[in-house]
Protein chains: 2
Amino acid sequence: MPTAISTRPVAIDEVDTRYLETLLGYNARRVSLAVIEVFLQRMADYKLRPVDFSVASLIVHNPGITSRQLCSTLGLLPPNLVGLINALEKRGLIRKRPHPTDGRASGLHATAAGISLMKEAEVAATSLEAEVATRLTATERVTLVRLLKKVYL
Amino acid sequence: MPTAISTRPVAIDEVDTRYLETLLGYNARRVSLAVIEVFLQRMADYKLRPVDFSVASLIVHNPGITSRQLCSTLGLLPPNLVGLINALEKRGLIRKRPHPTDGRASGLHATAAGISLMKEAEVAATSLEAEVATRLTATERVTLVRLLKKVYL
DNA sequence: TATTGTTATACTCTATAACTATA
DNA sequence: TATAGTTATAGAGTATAACAATA
């Protein structure tokens, strides 16, 4: 028999989050925020926020990539990328060059300084992630990333 | 031997995302956004955005919970919860009642209408998640949620 | 003195409309 | 006619400071 519903108002001492914790979206968001929190701290040295980092990393690994390709890859909107790209260029981390076949577009290239910075930043990012996921074994971490990719890729 | 670096500018036909895809934060964020996208569509019927849903669900499952407890549980800031709570109250989904022991706080309670709506909304949320994670087996989904919780809990 | 809830406000992030130059 | 990039702007989300009421 279920317990009778209390008629007297009662203070909650421990919050029951069991339903929310069954949800993939809830848990994915919590992990995302947990990583971002540490990311912002550690990557402040490089003056790179998560999106800056993703964009710069893609430029390093894809010399000549266009803004349009960055947008569709990362799910960004073109107007929101303009300032970001210009800021990276102003810092001397990337350079716009004429696109070889499309006169409307620019090919984005990392400078030597950009490549150097991102080499360090990527090591730092990978390292801080290991720190955040410290409760997971190496195998569990690989499994987690594999399953996450399987959801959206 | 590695291939020599091309001196001629070349257009990128397929974007290499392999580095980013090794990152837990990147993948968690992508999954989070993928779920939110479908969530916003499906839950528009209930006029519940992700945070509204989380708050209302916690109130249903924790009658008498305070704003302060909602904030610390969900990682929200008190000022940002005020309007949200008032909107739910205005819609007749929740009610503020005096807190039994703390005169500063209010105990939040779902109304019959709120309980009814959230019963449907939770079914819809669970259902849409299964849809988003359709590429995962039931076992994989359980594993994914377990590993995500292990990261931040 | 510390905490709950609130107001006002600022900052960041994301989204929409419209324009230009080129395809 | 469609697309890449841009500008301007609007909206949503998140953050800080300061206050009244109560602990």
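Just so we're on the same page: letters track the sequence lines, and every chain starts at 1. In this text, all values refer to a predicted model and were calculated from it rather than measured experimentally.
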Checklist outcome for this item: Considering only heavy side-chain atoms of A:Ser67, the closest of C:dA15, C:dA8, D:dG5 is D:dG5
Checklist entry - Quick check: are there more than 12 heavy atoms from other residues, nucleotides or ligands sitting under 6.0 Å from CD of B:Gln41? => result yes
Item to check | Full working for ring-ring contact (aromatic ring centres under 6.0 Å, His included) between A:Phe53 and A:Phe39 | outcome: CA-CA 10 Å; A:Phe53 175 84; A:Phe39 189 99; 5.4 Å; yes
Next on the checklist: I want to verify a distance call: between C:dT14, D:dG5, C:dT6, whose nearest atom is closest to the B:Pro78 side chain?
Outcome noted: C:dT6
Checklist outcome for this item: On DNA chain C, more 5' by nearest nucleotide between B:Ala105 and B:Asn80 is B:Ala105
Checklist entry - When the distance from CG of B:Leu84 to P of C:dT7 is rounded to whole Å, what number comes out? => result 14 Å
Next on the checklist: As a quick check of understanding, evaluate side-chain hydrogen bond (donor to acceptor under 3.5 Å, both in side chains) for A:Thr17 and A:Glu21, giving each step before the final call.
Outcome noted: CA-CA 6 Å; A:Thr17 57; A:Glu21 282 171 18; 2.5 Å; yes
Checklist entry - Of the nucleotides D:dA17, C:dA15, D:dG5, which one has an atom closest to the side chain of A:Thr66? => result D:dG5
Checklist entry - Would you say the side-chain atoms of B:Asn27 and A:Lys150 include a donor-acceptor pair closer than 3.5 Å? => result no
Item to check | B:Arg49 side-chain N/O to D:dG13 phosphate OP1/OP2 under 4.0 Å | outcome: yes
Checklist entry - With a 4.0 Å cut-off, would you call A:Arg95 and A:Glu89 a salt bridge? => result no
Checklist entry - Is the distance from OP1 or OP2 of D:dT6 to the nearest side-chain N or O of A:Lys96 less than 4.0 Å? => result yes
Checklist outcome for this item: B:Leu33 CG to C:dC13 C1', in whole Å, measures 12 Å
Next on the checklist: Do the side chains of B:Arg135 and B:Glu140 get close enough for a salt bridge, i.e. N-O under 4.0 angstrom?
Outcome noted: no
Next on the checklist: How many whole angstroms separate atom CG of A:Leu76 from atom P of D:dT6?
Outcome noted: 14 Å
Checklist entry - To the side chain of A:Arg68, which of D:dA15, D:dA4, D:dT6 is closest? => result D:dA4
Distances under 3.5 Å only, N/O to N/O: pair up the protein atoms with those of nucleotides 20-23 of chain C.
{"residue": "C:dA23", "atom": "OP1", "partner": "A:Gly103", "partner atom": "N", "Å": "3.0"}

Checklist entry - Which one, C:dT7, D:dT14, C:dA17, comes nearest to the side chain of B:Val82? => result C:dT7
Item to check | B:His99 NE2 - D:dT22 P separation (whole Å) | outcome: 15 Å
